[in-house]
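Working notes for the structure below.
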Amino acid sequence: MDTTKHETTTLSTLANRLEVLEDKEKVQSLQFKYGYLLDKYYLTEIIQLFADHPETEMRFLGGKYKGIAGVTRLLDCRLRPKFANGGNGPVPGQFVDHIQLQGVVTIAPDGQRAKGRFRNFQQGAVHNSVDPKPNWPLQQWWEAGVYENEYIKIDGIWRFLKVRYQVAWLADFVKGWKDQERHAGMDTRLFPENPVGPDEYDPEFHTWPETDTLPFHYPHPVTGEPIAI
Amino acid sequence: MDTTKHETTTLSTLANRLEVLEDKEKVQSLQFKYGYLLDKYYLTEIIQLFADHPETEMRFLGGKYKGIAGVTRLLDCRLRPKFANGGNGPVPGQFVDHIQLQGVVTIAPDGQRAKGRFRNFQQGAVHNSVDPKPNWPLQQWWEAGVYENEYIKIDGIWRFLKVRYQVAWLADFVKGWKDQERHAGMDTRLFPENPVGPDEYDPEFHTWPETDTLPFHYPHPVTGEPIAI
Amino acid sequence: MDTTKHETTTLSTLANRLEVLEDKEKVQSLQFKYGYLLDKYYLTEIIQLFADHPETEMRFLGGKYKGIAGVTRLLDCRLRPKFANGGNGPVPGQFVDHIQLQGVVTIAPDGQRAKGRFRNFQQGAVHNSVDPKPNWPLQQWWEAGVYENEYIKIDGIWRFLKVRYQVAWLADFVKGWKDQERHAGMDTRLFPENPVGPDEYDPEFHTWPETDTLPFHYPHPVTGEPIAI
């Protein structure tokens with residue numbers, strides 16, 4: 001009986017450890033699939049990646065968009081006209097690749113929430129043959145930034161809860177970083193005065209040539225201490 | 001007895017779930033090792049990554065190369081002279097890095113096949129000191145593309161079954177994307193008229209400034225619906 | 001009884017297989033966290049990633065730094081003044097991103113050591129507003145290289161044992177690779193004559209336009225044979 005009990009316990013422990021690894025893989029996969037969708041501006045499908053939850057939020061270029069309504073306003077009303085010509089899917093002669101990589105995923109002890117740090121490495125351009133051209137700040141550029149996201153498992157399916165993208169820099173393809181001015185952020189007016197604006201300003205927004213660290217959701221992997229920034 | 005039976009079932013279930021994770025890791029590792037081999041044009045070793053199977057295929061720059069014979073023709077007869085000076089391994093003063101990343105791997109229910117979406121992010125150049133220079137369209141360039149590959153497990157070892165690389169864009173290092181012309185594809189004549197040609201044209205081949213989406217092998221991760229492109 | 005014994009064995013086997021996957025994830029995560037720390041020059045925290053062990057070593061730009069003392073000398077005494085203005089953390093107007101990717105991790109049979117091949121893809125710049133400027137060879141550049149590292153598990157925690165970074169190339173942001181001269185390496189004099197120098201020269205150091213392959217720690221994934229370089 002003791003032996004059997006021991007086995008049962010171990011089996012349960014193994015199952016829990018296995019589920020943590022499965023969850024890490026699913027969260028990473030969610031982030032990677034988001035990247036492929038964003039490359040082609042399938043914004044309807046991206047909105048569907050988010051949980052409809054009181055804490056749902058997206059932080060982007062200096063603004064906080066709250067709730068699924070805020071996320072939808074950002075993606076549907078703000079980014080769709082700007083990058084997808086008002087449609088859903090790729091536009092000839094315009095591309096923005098969003099390479100998602102270097103994921104560090106942490107599953108909460110209850111297995112229902114997760115945090116993930118990912119890097120975005122980006123390229124974008126509008127082709128000379130496009131007329132009229134979209135209203136983009138640069139015709140061809142490099143961009144990089146870091147995500148610190150939160151995920152939630154609802155009905156057994158992992159979803160975005162909070163997406164926080166901190167752009168680190170943009171660089172003109174020809175000129176590079178050395179003369180690049182600080183990104184002003186997207187928004188100077190809040191919703192609802194601005195019908196596509198954020199609900200709040202993000203006081204921690206900054207970009208190159210500032211170089212502040214986006215806080216790490218995880219401790220130092222060897223000392224176990226918080227990483228002071 | 002019921003308890004024992006329950007444990008047996010759970011143990012077997014756990015073993016199956018664990019094997020899926022192991023297989024995902026092996027498939028990703030296969031793709032990553034392929035990338036490191038391709039950086040240095042170890043083409044003999046790359047051919048050995050492929051299964052010798054009726055469905056074996058490689059789609060590359062507008063052509064389909066069928067069977068292990070087709071794959072060998074492409075890698076051995078076409079790419080070896082062009083990129084490896086006819087040898088097997090790196091050439092001084094010439095490099096092409098093939099960064100493999102953002103893998104989404106799906107294992108088939110039978111555990112014997114898999115599909116994987118990966119991104120290739122590439123840099124290549126020939127140094128000014130090289131004389132004579134290889135016949136490359138650009139002297140230094142960036143490239144990106146997406147793979148949608150199929151893998152097969154034979155004798156317990158994962159191998160490439162179908163490699164489909166869809167180049168998204170090439171860009172001259174100095175000029176970038178804005179004036180880049182559509183890539184013509186490699187081949188205008190088929191095998192055997194063209195001894196190094198493909199067996200068929202790939203009717204879905206396109207590159208920048210076209211921006212069509214390479215179909216996703218997986219459904220939307222939250223809705224479970226196919227992703228319409 | 002046989003059945004029970006079989007189950008016990010299988011449970012133990014499963015636990016071992018699961019631990020290998022967990023270890024792979026931990027080692028990859030260690031490397032990724034290192035990358036995020038290095039982006040911002042948290043050099044104190046990077047030194048803490050290393051084991052204090054007789055085999056501890058870091059190979060960097062032509063030098064071998066031995067033991068935790070050597071690693072500390074490199075990071076604390078050499079890189080800290082050069083990249084972090086003598087501090088610990090980011091410096092306004094200066095950035096070096098170290099994207100860590102394409103990890104192939106192998107756990108030793110005893111589960112106490114691991115090897116990992118990773119790629120580093122790097123961007124760095126100093127902003128024109130910075131005065132005086134740091135003594136860097138280029139004002140804005142791309143860099144790439146490959147790691148072949150060894151890791152050790154001590155007290156259940158994975159740590160760096162040997163970090164070997166082989167830079168492949170540096171490229172001026174504007175000019176690219178075609179005219180780039182061979183990197184001279186950091187050091188012409190050894191420690192202790194040079195108080196921040198390496199303990200030994202690395203005879204295998206080379207960079208673009210040389211293109212030698214950094215040896216693979218793993219065999220060919222299909223044939224199982226060593227990969228001849």
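Using a 4.5 Å cut-off between heavy atoms, Leu21(A) contacts chain C through its side chain alone, with no backbone atom that close. At a 4.5 Å heavy-atom cutoff, Asp155(C) makes no contact with chain A through either its backbone or its side chain. Contacts of Lys24(A) with chain C are made by side-chain atoms alone, with heavy-atom separations under 4.5 Å and no backbone atom involved. If you measure heavy-atom distances from Val20(A) to chain C, you find no contacts under 4.5 Å at all. For Lys33(C), the parts lying near chain A are the backbone and the side chain together; criterion is any non-hydrogen pair under 4.5 Å. Using a 4.5 Å cut-off between heavy atoms, Thr213(A) contacts chain C through both its backbone and its side chain. Of the two parts of Ile157(C), only the side chain, counted from C-beta on, holds a non-hydrogen atom closer than 4.5 Å to a non-hydrogen atom of chain A. Heavy-atom distances place both the backbone and the side chain of Gln48(C) under 4.5 Å from chain A. With a threshold of 4.5 angstrom between heavy atoms, Val130(C) does not approach chain A through any atom at all. Both the backbone and the side chain of Ile229(A) come within less than 4.5 Å of a heavy atom of chain C. Glu25(C) touches chain A through its side chain: at least one heavy atom from C-beta onward sits under 4.5 Å away, while N, CA, C and O do not. Contact annotation for Leu49(C): both backbone and side-chain heavy atoms come within less than 4.5 Å of a heavy atom of chain A. Looking at Ala144(A), the atoms closer than 4.5 Å to chain C (heavy atoms on both sides) all sit in the side chain, from C-beta outward.
The side-chain heavy atoms of Asp23(A) and Tyr151(A), taken from C-beta on, include no pair separated by under 4.5 Å. Taking 4.5 Å as the limit, every side-chain heavy atom of Gln180(A) sits out of range of all side-chain heavy atoms of Lys175(A).
Between Phe83(C) and Trp136(C), the ring-plane angle classifies as tilted under the 30° and 60° cut-offs. By the 30° and 60° cut-offs, the orientation of the rings of Trp142(A) relative to Phe173(A) is parallel. In this structure, Tyr147(C) and Tyr34(C) have perpendicular ring planes: the angle between them is above 60°, well past the 30° mark.
In the displayed structure, Asn135(A) atom CG is contacted under 6.0 Å by at most 12 heavy atoms of other residues, nucleotides or ligands. Within 6.0 Å of NZ on Lys133(C) lie more than 12 heavy atoms contributed by other residues, nucleotides or ligands. Heavy-atom neighbours of Asn16(C) CG from other residues, nucleotides or ligands within 6.0 Å: above the threshold of 12.
At a cut-off of 3.5 Å, with distance as the only test, a side-chain donor of Gln122(C) or Asn120(C) sits close to an acceptor on the other residue. Defined by atom type and a distance below 3.5 Å, a donor-acceptor pair is missing between the side-chain atoms of Asp172(A) and Gln140(A).
Annotation: maximal heavy-atom pairing with chain C below 4.5 Å, among Val146(A), Leu101(A), Ile227(A), occurs at Leu101(A). Ranked by heavy-atom pairs under 4.5 Å with chain A, the first of Arg159(C), Glu22(C), Gln102(C) is Glu22(C). With chain A as the partner, the residue from Glu19(C), Lys26(C), His98(C) showing the most heavy-atom pairs under 4.5 Å is His98(C). Between chain C and the options Tyr218(A), Trp208(A), Phe216(A), heavy-atom pairs under 4.5 Å are most frequent for Trp208(A). Of all the listed residues (Phe32(C), Tyr36(C), Phe121(C)), the one sharing the greatest number of non-hydrogen pairs under 4.5 Å with chain A is Tyr36(C). Among Val126(C), Ile99(C), Val174(C), the residue with the largest count of heavy-atom pairs under 4.5 Å with chain A is Ile99(C). Ranked by heavy-atom pairs under 4.5 Å with chain C, the list Thr223(A), Val222(A), Asp179(A) is led by Val222(A). Heavy-atom pairs under 4.5 Å with chain A were tallied for Pro92(C), Ser29(C), Gly124(C); the largest tally goes to Pro92(C). Chain C forms more heavy-atom pairs under 4.5 Å with one residue of Gly176(A), Gly103(A), Ala168(A) than with any other, namely Gly176(A). Of the listed residues (Ile154(C), Asp97(C), Leu30(C)), the one with the most heavy-atom contacts under 4.5 Å to chain A is Asp97(C).
The line from CZ of Arg164(C) to CZ of Arg117(C) is 9.5 Å long, rounded to the nearest 0.5 Å.
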Quiz item: Stepwise, does the side chain to side chain donor-acceptor pair (under 3.5 Å) test hold for Glu45(C) with His220(A)?
Solution: CA-CA 7 Å; Glu45(C) 285 74 13; His220(A) 189 281; over 6 Å; no
Exercise. Please step through salt bridge (Lys or Arg N to Asp or Glu O under 4.0 Å) for the pair Lys64(C) and Glu57(C), ending with a clear verdict.
Key: CA-CA 7 Å; Lys64(C) 290 190 193 184; Glu57(C) 182 181 284; 5.0 Å; no
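Taking every heavy atom of both residues into account, Glu204(A) and Gln166(A) meet most closely at O-NE2, 3.3 Å.
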